[in-house]
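Below: one structure, written as structure tokens.
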2 protein chains.
Amino acid sequence: MSTGNPLEPTDRAILRELAVDGRCSFTDLAERVGLSVSAVHQRVRRLEQRGVLRGYAARLDGEQIGLPLTAFISLTPFDPAAPDDYPQRLEHLPQIEACYSVAGDESYILRVRVSSPAGLEELLRQIRESANVSTRTTVVLSTPFEDRPPAV
Amino acid sequence: MSTGNPLEPTDRAILRELAVDGRCSFTDLAERVGLSVSAVHQRVRRLEQRGVLRGYAARLDGEQIGLPLTAFISLTPFDPAAPDDYPQRLEHLPQIEACYSVAGDESYILRVRVSSPAGLEELLRQIRESANVSTRTTVVLSTPFEDRPPAV
DNA sequence: ACTGAAATTTTTAGAAG
DNA sequence: CTTCTAAAAATTTCAGT
């Protein structure tokens, strides 16, 4: 499995702009990367088809949408012989924003977002029930920065 | 410190749609939430001004942009008396996508993205040098899911 | 706060160099 | 890749309810 063809500098420039402003118009984009609108349009379509550009998402303020509490939850299976279908067992819980399979003492790290400590407690109960795992939780106190554009 | 006014159902619907498809047109948005285009436009503007909507970002494929290696790095200060300016000391490193201040044994958790193990090694060196901390690194093997829309 | 309409800009596709 | 063309669609503003 390769990581795909290396990206051209122009494509990288386009991705950088769209990572910062996903709603940037083709007109602005063209100006910023120094290409015609048609050319940019063509390139963005190609990047979408190749799967390099996987979509666009709004950045929401966790506090203002009523989900002020973020936490990381590390999972350790109780039964080492159990089939590894933890992600499938957990994806029905919308509070889980991300699920990473990791090397180390624990098997998975989840990033979750809830409305309150009570909500976190309830979520932990659901996770243990759904996946038969022990959990270790690290509460986020503040987020100095997040969602920075990758160094494409 | 409040978490802001509770959101109206219509605003929540708009945010849900934009979280999934950040480039959704106002026309489509209006149809999906059952309002006129003008009304939706007005509400989106207001959500942006209130800071609930903090922007829009392209979702990029880490592998295809040449950054196939993700890791979590936990930081522990060497000097407990040192001023807590770690985020400022680290923000110049573009490989760091997110920085969380956390409760627990460690002080910060970073989510980073690099091109290779060598890149990770180099980044760890830079982090220790910039922030005078000890590090604990957890390498991500795979990402079953990420960037799921929050349960607004 | 929403609707509907009008004016402007953008998107999208295609032709030709 | 560029420029040009042109129709369709989206954005944006504004008067009216």
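Residue numbers begin at 1 in each chain, while the letters A, B, ... track the order of the sequences.
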Self-check item: Distance (rounded to the nearest 0.5 Å) between A:Gln95 CD and A:Ile73 CD1
Solution: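 Those atoms lie 9.5 Å apart.
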
Quiz item: In this structure, which one of A:Asp84, A:Thr135, A:Thr76 forms a side-chain hydrogen bond (donor to acceptor under 3.5 Å, both in side chains) with A:Tyr108?
Solution: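 Exactly one candidate clears the test, A:Asp84.
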
Quiz item: Got a sec: does the CD of B:Glu48 have more than 12 other heavy atoms crowding it under 6.0 Å?
Solution: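 Yes - once you tally the heavy atoms of other residues, nucleotides and ligands closer than 6.0 Å, there are more than 12.
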
Quiz prompt | Neighbour count >12 (heavy atoms, 6.0 Å) for atom CD, A:Glu121 | solution =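 12 or below, so no.
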
Practice problem: Kindly point out which of C:dT12, C:dT10, D:dC1 is positioned nearest to the side chain of A:Ser25? | Solution: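 It is C:dT10.
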
Quiz item: Considering only side-chain heavy atoms of B:Ala39, which listed nucleotide, C:dT3, C:dT12, C:dA1, is closest?
Solution: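 That would be C:dT3.
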
Practice problem: Check whether any side-chain N or O of A:Thr27 sits under 4.0 Å from OP1 or OP2 of C:dT11, and answer yes or no. | Solution: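 Result: yes.
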
Quiz item: For D:dT2, does OP1 or OP2 lie under 4.0 Å from any side-chain N or O of A:Ser36?
Solution: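 For A:Ser36, the contact criterion (side-chain N or O under 4.0 Å from OP1 or OP2 of D:dT2) is met.
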
Roughly how many Å is it from [atom1] in [X] to [atom2] in [N], rounded to a whole number?
| X | N | atom1 | atom2 | value |
| --- | --- | --- | --- | --- |
| B:Leu29 | C:dC2 | CG | C1' | 15 Å |
| A:Arg46 | C:dA13 | CZ | P | 14 Å |
| A:Glu31 | C:dT11 | CD | P | 13 Å |
| A:Asp28 | C:dT11 | CG | P | 8 Å |
| A:Arg23 | D:dT12 | CZ | C1' | 13 Å |
| B:Arg43 | D:dT11 | CZ | P | 18 Å |

Exercise. Assert yes or no for the condition that the ring centre distance of A:Tyr56 to B:Tyr56 is strictly below 6.0 Å.
Key: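 Centroid separation for A:Tyr56 and B:Tyr56: 6.0 Å or greater.
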
Quiz prompt | DNA chain D: 5'-proximal contact among A:Val37 and B:Cys24 (nearest heavy atom) | solution =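 The 5'-side residue here is A:Val37.
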
Self-check item: Heavy-atom pair with the smallest gap, counting every atom of A:Pro144 and B:Ser101
Solution: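 Looking at all heavy atoms of both residues, the shortest contact is CD-N, 3.9 Å.
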
Got a list of protein N/O to nucleotides 13-17 of chain D N/O distances below 3.5 Å?
none

Quiz item: Checking all strands, does B:Gln42 fall into the base, sugar-phosphate, or nothing category for heavy-atom contacts under 4.0 angstrom?
Solution: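 Answer is base: heavy atoms of B:Gln42 come under 4.0 Å of a base.
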
Quiz prompt | Within one Ile-Leu-Val-Met-Phe-Trp-Tyr cluster: B:Val102 and A:Leu75, side-chain cutoff 4.5 Å | solution =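 Different clusters.
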
